[in-house]
Amino acid sequence: MTSKGLAYKVRREFAIIRTGGRRGMGFDEEWAGLRAAAAERGSTGMQLNGLPEEGPAHGYGPGGTSTLASTASEKNAAAGVIENELLTSTKKAGNHADESNGSAATAFSGWATATALKKVQTTWDGQVKTLLGRLGRERDGLRNTATTLRGVDIGRRDGIDGIRLPSAMDGYR
């Protein structure tokens, strides 16, 4: 017997063992068996996994707290560093390179080196512009994160709290 044939035979035997010796059980038969087993246990309702009643306070995940790992003031401080230090120094470095490269291109006027330096300058300017844009987006993201997270959390809570549980009185409407 080939290894492929042996693997098929082993899988088939496991399937037979798993179904209690029944061969060829379809979905309907298996579902009926599961429903009968649930009826014997007296459990016909849906059961969701959840935390015990003595778990964390309402609205927080397992072991969670009401605070994030960083605060809005820390995010604003980081945004301030980006604004006042990184953006400023990046602009300054970009301008310094512009001046130095411009001087060199002028000095090599008429040479192929001048053309190459102008191309390098164009590429550099594009990269500096991209970096400044990214730093600006990071700064704005840091400033808006706390508000965004709070809004999402409140929206999710309201959506979950708005789900009405079925009641025994539903039949009397």
Side-chain angles (χ1 to χ4, degrees), residues 18 27 31 34-35 37-38 41-173:
R18 191 176 56 228
F27 173 79
W31 182 245
L34 292 171
R35 284 188 4 221
R41 289 191 312 265
S43 168
T44 57
M46 181 172 39
Q47 177 182 346
L48 298 175
N49 290 336
L51 296 173
E53 290 299 320
E54 66 275 0
H58 175 70
Y60 309 124
T65 64
S66 63
T67 59
L68 295 171
S70 62
T71 64
S73 62
E74 290 172 326
K75 287 180 178 52
N76 283 330
V81 168
I82 291 173
E83 173 107 40
N84 301 321
E85 294 178 28
L86 294 177
L87 283 171
T88 305
S89 61
T90 302
K91 286 176 191 173
K92 190 175 183 179
N95 291 336
H96 176 71
D98 284 346
E99 294 166 7
S100 299
N101 203 23
S103 300
T106 303
F108 287 108
S109 181
W111 292 51
T113 304
T115 306
L117 286 172
K118 288 177 184 175
K119 183 174 182 178
V120 166
Q121 185 60 44
T122 303
T123 303
W124 175 258
D125 288 342
Q127 291 173 341
V128 169
K129 184 178 178 183
T130 299
L131 179 57
L132 290 171
R134 172 103 189 247
L135 287 169
R137 287 188 301 277
E138 293 293 333
R139 175 201 58 209
D140 297 342
L142 283 166
R143 288 189 173 146
N144 295 325
T145 297
T147 304
T148 302
L149 287 175
R150 180 148 174 77
V152 168
D153 286 349
I154 289 170
R156 296 287 190 267
R157 183 203 60 208
D158 291 347
I160 290 170
D161 288 347
I163 298 172
R164 192 175 93 49
L165 297 174
S167 166
M169 302 302 286
D170 285 346
Y172 296 103
R173 288 187 190 213

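Scanning both residues, A105 and A114, for their nearest heavy atoms gives O-CB, 3.5 Å. Residues A79 and L142 approach most closely at N-CD1, 3.9 Å, considering heavy atoms.
Separating the CZ atom in R143 from the CG atom in D140 is a distance of 7.0 Å, to the nearest 0.5 Å. For the atom pair NZ (K119) and OG1 (T115), the distance works out to 10.5 Å, reported to the nearest 0.5 Å. Note that NZ of K118 and OG of S109 are 6.5 Å apart. Values are rounded to the nearest 0.5 Å. L135 contributes atom CG, which lies 10.0 Å from atom NZ of K91 (distance to the nearest 0.5 angstrom). R137 contributes atom CZ, which lies 11.5 Å from atom CD1 of I82 (distance to the nearest 0.5 angstrom).
Tested against E85 for a side chain to side chain contact (heavy atoms under 4.5 Å, CB included), the candidates V81, T88, L87 yield a single pass: V81. Under the side chain to side chain contact (heavy atoms under 4.5 Å, CB included) rule, Q127 has a single partner from T130, L131, T123, which is T123.
Between the side chain of N101 and the backbone N or O of A97, no donor-acceptor pair lies under 3.5 Å.
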